[in-house]
S.K.: 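Let me begin by handing over the structure; questions about it come next.
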Protein chains: 2
Amino acid sequence: MANISDVVRLSGVSKSTVSRVINNYPHISKEKKERVLKAMEELGYTPNLSARRLRGQFTTTIGVIVPRIVNPFFSNLVDAIEKVSYQNGYQTIICQSNLDKEKELTFLNLLKTKQADGIIMTAIENDWLAVEPFTEYGPIVLCNEYVSDANANVSMIRLDQFKGAYMGVKHLIERGHRKIAYCTGGSFTDIDKDNDRNLGYRKALEEAGIEINPNWIILNQHTIQDGKKVMKYLLELKDRPTAVFTGSDEVAGGILSAAKQYGFSIPGDLAIVGFDDQPAAELLDPGLTTIRQPVDQMGKKAVEVLVGHLNNAGMATATYELPIELVIREST
Amino acid sequence: MANISDVVRLSGVSKSTVSRVINNYPHISKEKKERVLKAMEELGYTPNLSARRLRGQFTTTIGVIVPRIVNPFFSNLVDAIEKVSYQNGYQTIICQSNLDKEKELTFLNLLKTKQADGIIMTAIENDWLAVEPFTEYGPIVLCNEYVSDANANVSMIRLDQFKGAYMGVKHLIERGHRKIAYCTGGSFTDIDKDNDRNLGYRKALEEAGIEINPNWIILNQHTIQDGKKVMKYLLELKDRPTAVFTGSDEVAGGILSAAKQYGFSIPGDLAIVGFDDQPAAELLDPGLTTIRQPVDQMGKKAVEVLVGHLNNAGMATATYELPIELVIREST
DNA sequence: TTGTAAGCGTTATCAA
DNA sequence: TTGATAACGCTTACAA
């Protein structure tokens, strides 16, 4: 594999000049520059990134941490991030944490070990206090995820999850429902990270003078399979809800599918609201009413903010809130 | 950020000894080993991967090239690969080629520049001849994709795509269809990479004495949106097919959704077969008949084979064929 | 505008 | 079993 010395030999200029050509320095004589470029071409030379990383300031690489890439919400987010990064001249390295705290920390080491200039976290498994120390080594941007610690000094791209849940539940209430189940990926406690959605659910019910029925709060649901089990659970309830508000389209899809199997009419016997507006949401029958998260915008903004921090170390952190939207289809 | 010299200072042993501890060399005195470990612990030391890569043989990293991560088939494949790699002590770096030849070559440079020990390609945009030279720098394994060049010296994990298409089309014929459209991601030429599927389609028709109608061959379709357009196109045809065999569940889903909108009954007015058996396939209504590709197995096998090549440079390349299966649901 | 030389954090070779 | 030292490929003072 050709290295910089080979280019030096072939072009007959010094190492520094070659390096300057590689890095597009302004003051090089045309003649030498061309000789170098020609030599690089001829040798099929590519700078060794490990060496650059070891020596230099920049890796032109950003890391993206996702919990589960198979979740379409995240694969779409990653897609958006990857495209914009590429346009900005950054390589993306995608890391799947699988909801594993340890693994998340391992990935954060990319920063410490200068494999990435900055990191976008689309979820955060550890406490912010455990993540914070890594910011010493490079900027971290939170995208889709956020921490409520007022002292946290990070840029965040967030959605108004409170409003999302509130809109969804309120929509069900307006459709006449008063028995509304809530199916979340989190644990419905105050410290929980889905807290904002929980509050939205609570608020909407409260406003309508409806009390929460603990039997209708279903925790830690993530997949299509989970959704099917939820439906089974609902079926066995004596007092059944007439509607269910869900933390993800995947779970909603599972519920919808199982409900039809049990002979439920939707939304007649059970109204369903999802979350995310994943591509499949409109393919379901009936089409799934859901909360649209502007994934592409979020990804784009996250990269822009991260690149901003990278180009200007002093840039103040900020929180950006993107609009969230209720998409009404036939499942409600 | 602590480096090896800091550990040297704190532990009072030489750099080489520290390095030996890091790399688990056998002959070190217990006492020194412990001192080193303690120092590393205390300093929160992590070896700098760039330096290791620059100096050493191994990066304990493998690259995975996918065309589009948003395609659930690929995100599931990546998921499987990532998990097995992690178990084997390898970091995975996921690269999205976006069907771009240039970008693919850029990613292949990971090998040249020692950022990855080996690469798994789940699709291949360039000719094998353009990719081949990279194998000089490390093993490449083809997973899901393959090249028919008999001289190609690569390990491949492949599915019998011919059989997959053949089974799907034959199934339609057995259901009484004779007007069967074919919707592919490729271009239906002999040199095309979807060639095997094309042949399967051809063969099944041929056996039943059915001639191919060129109007029913629809090329370059990939997304849900594409599927919807396909349905619109079919609608405008004077002589319409009664069934359509499709190269992906996404496209099939789009067709199915649009068909229902136009008032078609499925499978009565139009039978549909997908490809992949993506999670959403069973959620559609009617459930989508499709060709199941054993994604998890494929990913696992790919990693195993790659690790094999890595541990044993002399290992002969081989082709592994995994079973493919027809999943019959209600859309046919 | 160009070149020389030091150094980034490791591992491998050699000698002790 | 341990340590000194060179080398990996690059960037960047500094000097010219």
Side-chain angles (χ1 to χ4, degrees), chain A residues 1-37 39-40 43-61 91 109-117 137-138, chain B residues 1-37 39-40 43-61 91 109-117 137-138:
Chain A
M1 168 77 212
N3 62 23
I4 200 171
S5 303
D6 297 325
V7 180
V8 167
R9 269 189 291 278
L10 191 63
S11 63
V13 306
S14 77
K15 236 205 271 198
S16 7
T17 301
V18 174
S19 175
R20 289 186 185 107
V21 172
I22 296 170
N23 293 285
N24 270 314
Y25 272 59
H27 306 298
I28 313 171
S29 67
K30 254 195 186 156
E31 185 242 331
K32 297 216 169 179
K33 183 165 184 172
E34 266 162 29
R35 252 160 58 200
V36 172
L37 287 173
M40 299 203 301
L43 292 163
Y45 168 75
T46 323
N48 181 315
L49 242 151
S50 295
R52 300 184 91 170
R53 298 210 235 260
L54 181 55
R55 182 62 237 266
Q57 329 274 28
F58 301 113
T59 66
T60 56
T61 301
Q91 214 180 92
N109 269 326
L110 290 177
L111 236 39
K112 265 173 109 173
T113 60
K114 275 229 169 300
Q115 294 186 75
D117 295 333
Y137 307 106
Chain B
M1 169 76 211
N3 62 24
I4 200 172
S5 304
D6 296 324
V7 180
V8 167
R9 269 189 290 279
L10 191 61
S11 63
V13 306
S14 76
K15 236 205 276 200
S16 345
T17 302
V18 174
S19 175
R20 289 186 187 110
V21 172
I22 295 171
N23 293 285
N24 268 315
Y25 271 60
H27 307 297
I28 314 171
S29 68
K30 256 197 183 152
E31 185 242 330
K32 297 215 171 181
K33 185 164 183 175
E34 266 162 29
R35 253 162 55 202
V36 171
L37 288 173
M40 299 203 302
L43 292 163
Y45 167 75
T46 323
N48 181 315
L49 242 148
S50 296
R52 301 184 91 169
R53 297 211 236 258
L54 179 56
R55 184 61 237 266
Q57 328 274 25
F58 301 114
T59 66
T60 56
T61 301
Q91 211 179 97
N109 271 326
L110 290 177
L111 235 39
K112 267 172 107 172
T113 59
K114 276 230 169 298
Q115 294 185 75
D117 297 332
Y137 308 106

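The analysis underlying the following values was restricted to heavy atoms, covering all of them including side chains, and did not include hydrogens, waters or symmetry mates. Proteins come first, then strands; the chains are lettered A, B, ... in the order of their sequence lines, and each starts at number 1.
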S.K.: Compare every heavy atom of B:I22 with every heavy atom of B:Y45, then report the nearest pair and how far apart it is.
M.R.: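 It is OH-CD1, 3.4 Å.
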S.K.: Hey, is the side chain of A:N3 poking within less than 4.0 Å of OP1 or OP2 on D:dG9, counting only N and O atoms?
M.R.: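 Yes, because at least one side-chain N or O of A:N3 sits under 4.0 Å from OP1 or OP2 of D:dG9.
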S.K.: Reckon A:S14 has a side-chain N or O less than 4.0 Å from the OP1 or OP2 of C:dG3?
M.R.: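 Answer yes for this pair, as a side-chain N or O of A:S14 is under 4.0 Å from OP1 or OP2.
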S.K.: Calculate the interatomic distance between A:Y137 atom OH and C:dG9 atom P; express it in whole Å.
M.R.: 12 Å
S.K.: Would you kindly give the CZ-to-C1' distance between A:R52 and D:dC8, to the nearest whole Å?
M.R.: 16 Å
S.K.: Reckon A:K32 has a side-chain N or O less than 4.0 Å from the OP1 or OP2 of C:dG3?
M.R.: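 Checking C:dG3 against A:K32, a side-chain N or O does come within under 4.0 Å of OP1 or OP2.
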S.K.: Grab the CZ-C1' distance between B:R9 and C:dG9 for me, whole Å please.
M.R.: 12 Å
S.K.: Hey, which of these two, B:S19 or A:I28, hits DNA chain C nearer its 5' end, going by closest nucleotide?
M.R.: A:I28
S.K.: Can you tell me how far P of C:dC8 sits from CG of B:L49, to the nearest Å?
M.R.: 19 Å
S.K.: Spell out, as yes or no, whether a donor-acceptor pair under 3.5 Å connects the side chain of A:N23 to the backbone of A:Y25.
M.R.: no
S.K.: Keeping the roles fixed (side chain from A:R35, backbone from A:S11), state whether a donor-acceptor pair exists under 3.5 Å.
M.R.: yes
S.K.: Could you tell me the separation between the CE atom of B:M40 and the C1' atom of C:dG9, rounded to a whole number of Å?
M.R.: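 Spelled out: CE on B:M40 to C1' on C:dG9 is 15 Å.
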S.K.: Between C:dT11, D:dG9, D:dG3, which one does the side chain of A:N48 approach most closely?
M.R.: D:dG9
S.K.: May I ask you to say whether A:K30 pairs ionically with A:E34, meaning some side-chain N is under 4.0 Å from a carboxylate O?
M.R.: no
S.K.: Distance check needed: D:dC8 P versus A:D6 CG, whole Å only.
M.R.: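 My rounded result for the distance is 11 Å.
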S.K.: Run B:V36 and B:V7 through side chain to side chain contact (heavy atoms under 4.5 Å, CB included) and show every step you take.
M.R.: CA-CA 7 Å; B:V36 171; B:V7 180; 4.2 Å; yes
S.K.: Once you apply a heavy-atom cut-off of 4.0 Å, does B:T17 come out as touching a base, just sugar-phosphate, or nothing?
M.R.: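 Here B:T17 touches the backbone only, sparing every base.
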S.K.: Counting only side-chain nitrogens and oxygens, does B:Y45 get under 4.0 Å of the OP1 or OP2 atom of C:dT10?
M.R.: yes
S.K.: Let's test your reading of the model: under 3.5 Å, does the base of D:dG9 pair with the side chain of A:R53 as donor and acceptor?
M.R.: no
S.K.: Considering only side-chain heavy atoms of A:R20, which listed nucleotide, D:dG3, C:dG9, C:dG3, is closest?
M.R.: C:dG3
S.K.: Is a donor-acceptor contact shorter than 3.5 angstrom present between the side chain of B:S50 and the base of C:dT10?
M.R.: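 Checked by distance alone, the answer is no.
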S.K.: In this structure, how many angstroms lie between the C1' atom of C:dC8 and the CG atom of A:L54, rounded?
M.R.: 4 Å
S.K.: Compare side-chain N and O positions of A:S29 against OP1 and OP2 of C:dT1 and report whether any pair is under 4.0 Å apart.
M.R.: no
S.K.: Starting at atom CG of A:N24, determine the distance to atom P of C:dT1, rounded to an integer number of angstrom.
M.R.: 15 Å
S.K.: Apply side-chain hydrogen bond (donor to acceptor under 3.5 Å, both in side chains) to residues A:R53 and A:T61 and explain how you reach the verdict.
M.R.: CA-CA 10 Å; A:R53 298 210 235 260; A:T61 301; 3.0 Å; yes
S.K.: B:R55 has a side chain; which of D:dG3, D:dC10, D:dA7 sits nearest to it?
M.R.: D:dA7
S.K.: If you check the A:K15 side chain, which of C:dT10, D:dC10, D:dT5 turns out closest?
M.R.: D:dC10
S.K.: What nucleotide among C:dT11, D:dG3, D:dC10 has an atom nearest to a side-chain atom of B:I4?
M.R.: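 Of all the options, the side chain of B:I4 is nearest to C:dT11.
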S.K.: Looking at B:Y25, does any N or O in its side chain come under 4.0 Å of the phosphate oxygens OP1/OP2 on C:dT11?
M.R.: no
